[in-house]
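The next block holds one structure in the form of structure tokens; read it before the comments.
For reference, positions follow the sequence shown, starting with 1.
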Amino acid sequence: MLVRLTACLIAGAAAVTVASAQERPGFTDTPVLPDGKWRVHDADRPVAKVVTPAPNPGGAPSDAVVLFDGTSLDAWQTTGTPWSISEGAMMIPPRKQGGGGSDLVTKQSFGDVQLHLEFRSPNPPTKSSQDRGNSGIWFMQRYEIQILDGYQNPTYADGTVGAVYGWKPPLVNAARKPGEWQTYDVVFERPRFAADGSLERPAYITAFLNGVLVQNHQAMLGTTIWRQVAKYEAHGDAAPIQLQDHDSAVSFRNIWVRPLPETAIDQDLPGEAE
């Protein structure tokens, strides 16, 4: 009996040791990485938090802020005429004669974010160039990536869909036909300013249009301005996201963002990366 009990205790201790090793697998005798803090395969390095992806592609993951789910505009405020909702989509309202636009602005402010948004240009198209399916996503109400009906619609290169408006044309034209739903998946990195207001690091944008890369970690010149070179003016770390009314009945659905931690973009900032 004593022999059997001793064997059970030894086996149990071995199981605990294996379980402990499985809880924190890794190494303590590997070279130190360039950041000077962690070793290669470091057993003590913090692991990523768990985020549950949506069951369907394009859906909001568990840590997302849902801005529009097809049922409510509670996350937004308008600068003019209210936007309407129909069949799970919201649409830019028609302008009254002589009236101004009605941009849609988030009530919550954001800095570095991952954004998913779906849009649809009017069909059939009735106008051309910049008057055809025109809108825009304005991060921090300053930095625009263009929405336009870019299907067989000639316009200036830095003003088509997928462009950093007034600066960088898209890498390719991945536009769908008018009337078809299109997707934007964007990572926006806010600019960084010094205490004296000088620019330390520009804003960057990476964007996929309909699953196709159209901007690859592209530095932005500053606040978007029509027919002028953009420039920076110091501002806070967070500001609303804005959808532009350009007098075109563009529809939107399934909009969500994931605020990003500093570690998502600190690879070229002072300090150590996690």
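Scored by the side chain to side chain donor-acceptor pair (under 3.5 Å) test, T223 finds no partners at all (sequence neighbours excluded). For H246, the ring pair (Phe, Tyr, Trp, His ring centres under 6.0 Å) criterion is met by no residue, not counting sequence neighbours. Partners of S198 according to the side chain to side chain donor-acceptor pair (under 3.5 Å) rule, which considers only residues two or more places apart in sequence or in another chain, are D196. Remark: D69 pairs with T71 by the side chain to side chain donor-acceptor pair (under 3.5 Å) rule, at least two apart or across chains. For the salt bridge (charged side-chain N to carboxylate O under 4.0 Å, His left out) test, residues two or more places apart in sequence or in another chain that qualify with D237 are R190. Taking the salt bridge (charged side-chain N to carboxylate O under 4.0 Å, His left out) definition, one finds that R132 meets it with D149, sequence neighbours left out.
Note: Y143 and Y232 have tilted aromatic rings, judged against thresholds of 30 and 60 degrees for the angle between ring planes. In this structure, F252 and F119 have tilted ring planes: the angle between them lies in the 30° to 60° band.
By the 4.0 Å N-to-carboxylate-O rule, E189 lies close enough to R201 to be salt-bridged with it. Comment: D44 does not engage K37 in a salt bridge, judged by the lack of any side-chain N to carboxylate O separation of less than 4.0 angstrom. Taking a cutoff of 4.0 Å between a charged side-chain nitrogen and a carboxylate oxygen, R253 and E87 do not qualify as a salt bridge.
A donor-acceptor contact shorter than 3.5 Å is absent between the side chain of S248 and the backbone of V250.
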